Number of protein chains: 2
Amino acid sequence: MREPDAEPCCPPLTERPFTAEEAERSARMFKALGDPVRLRLFTAVASHEGGEACVCDISDVGVSQPTVSHHLKKLREAGLLTSERRGTWVFYRVEPSVLAAMGRLLRAPAPA
Amino acid sequence: MREPDAEPCCPPLTERPFTAEEAERSARMFKALGDPVRLRLFTAVASHEGGEACVCDISDVGVSQPTVSHHLKKLREAGLLTSERRGTWVFYRVEPSVLAAMGRLLRAPAPA
DNA sequence: CCCTTGGTTCGATAACTGTCTATGTTGACG
DNA sequence: CGTCAACATAGACAGTTATCGAACCAAGGG
């Protein structure tokens, strides 16, 4: 009843070869995290108190402020973060289903 | 006693903001998997019988042979795959420590 | 109102990346 | 040797991306 994007997406990486479509979908997530600046922003949001952070809390990653905004947009477009304006500030939080999906992707096979 | 690269690398994504160096290292892995073709190649190797596959087993991903070779090289350089020549064929297998490292990265926090 | 502060959007640019064709290289087999 | 099959490397090119400064938009105070 939610968004159609809430599906499990893909089996574990080690289960079987991905189809083109599965690969396309999963690659988007990996690609979004495949940049050092974005990874720092993501971990900053994910580990911030209350599960959310305003941009001003996490902007200290060594690039200009427009660049921070650009990367946050990419993370939003990849479905990893959501944003909400509250008064003067904009708060970002991790999309909850995402970590579950990634965990599923990396679930190890039978350990022997 | 093994390679110095066998370190845990990084804490879970949700534990604390990554340092620049941690982000750099982890992003390399994510970036390598952030391409649909590479993801198909990786899953094909990871799921192949015996834990390894010759290039000829996995080359059917819709791009030319040199392109396959190029992507396999990227996966090797990222430390995700290793290769070994045996006679005419070259076999690729998943670097075992990698899945463990990725699993650690995505370990969920306390679920409440 | 105007100004300040927090963020986003725009436009430009340099760097990187995925893809191809063409060419090498390596090993097996007559 | 010569040839063939399996992969890799080299070089070229188009498309994408990370970055910046400048301009813009939104919300609160004076």
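Not measured: the values here are computed from a predicted model. Heavy atoms only: backbone and side chains are in, while hydrogens, waters and symmetry mates are out. So that the names make sense, note that chain A is the first sequence line, chain B the second, and so on, each numbered from 1.
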**Request:** Report the C-alpha separation of A/Arg16 and A/Glu22 in whole Å, then their side-chain angles, then the decisive distance to 0.1 Å, and conclude whether the salt bridge (charged side-chain N to carboxylate O under 4.0 Å, His left out) test is met.
**Result:** CA-CA 11 Å; A/Arg16 58 170 170 76; A/Glu22 288 169 341; 2.7 Å; yes

**Prompt:** Under 4.0 angstrom, heavy atoms only, what part of the nucleic acid is A/Arg38 near: base, sugar-phosphate, or nothing?
**Reply:** sugar-phosphate

**Prompt:** Mapping A/Val37 and B/His70 onto DNA chain D by nearest heavy atom, which one lands closer to the 5' end?
**Reply:** B/His70

**Request:** State whether A/Glu24 and B/Arg40 are salt-bridged, where the test is any N-O pair (Lys NZ or Arg NE/NH1/NH2 against Asp/Glu carboxylate O) under 4.0 Å.
**Result:** no

**Between C/dT25 (P) and B/Gln65 (CD): distance, integer Å** = 16 Å

**Request:** May I ask you to say what B/Thr88 touches in the nucleic acid, namely base, sugar-phosphate or nothing, with a heavy-atom cut-off under 4.0 Å?
**Result:** sugar-phosphate

**Message:** Quick check for you: among D/dT19, C/dT19, C/dG27, whose closest atom lies nearest to any side-chain atom of A/His71?
**Reply:** D/dT19

**Message:** Closest approach to the side chain of B/Arg76, judged atom by atom: which nucleotide of C/dT8, D/dC20, D/dA8 is it?
**Reply:** D/dA8

**Salt bridge present between B/Glu95 and B/Arg76 (N-O < 4.0 angstrom)** = no

**Asked** Roughly, in whole Å, what's the span from CZ in A/Arg85 to C1' in C/dT9?
**Response** 13 Å

**Message:** What is the distance, to the nearest angstrom, from the NZ atom on B/Lys31 to the C1' atom on C/dG18?
**Reply:** 12 Å

**Prompt:** Considering only D/dA18, D/dA27, C/dC20, which nucleotide approaches the side chain of B/Thr67 most closely?
**Reply:** C/dC20

**Complete:** Heavy-atom nearest nucleotide on DNA chain D taken for A/Pro66 and for A/Asp35; more 5' hit belongs to A/Asp35

**Request:** Please report, rounded to the nearest Å, how far the C1' atom of D/dA18 is from the CG atom of A/Leu72.
**Result:** 14 Å

**Prompt:** Do other residues, nucleotides or ligands put more than 12 heavy atoms under 6.0 Å from the CD atom of B/Glu21?
**Reply:** no

**Prompt:** Which nucleotide, C/dG7, D/dA18, C/dC20, lies nearest any side-chain atom of A/Trp89?
**Reply:** C/dG7

**Asked** What is the distance, rounded to the nearest whole Å, between atom CG of A/Leu41 and atom P of D/dT19?
**Response** 10 Å

**Asked** Starting at CD of A/Glu77 and ending at C1' of D/dA18, how long is that distance when rounded to a whole Å?
**Response** 14 Å

**Asked** Think B/Lys73 has a side-chain N or O under 4.0 angstrom from the OP1 or OP2 of D/dC7?
**Response** no

**Request:** May I ask you to verify if any side-chain N or O of A/Ser64 is less than 4.0 angstrom from the OP1 or OP2 atom of D/dC20?
**Result:** yes

**Request:** Could you check A/Glu52, A/Glu49, A/Glu84 and say which one makes a salt bridge (Lys or Arg N to Asp or Glu O under 4.0 Å) with A/Arg93?
**Result:** A/Glu52

**Request:** Would you indicate what B/Tyr92 reaches in the nucleic acid, counting non-hydrogen atoms under 4.0 angstrom: base, sugar-phosphate, or nothing?
**Result:** sugar-phosphate

**Request:** Measure from CZ on A/Arg86 to C1' on D/dG28 and round the result to the nearest Å.
**Result:** 17 Å

**Request:** Nearest whole angstrom, please: distance from the P of D/dC7 to the NZ of B/Lys74.
**Result:** 21 Å

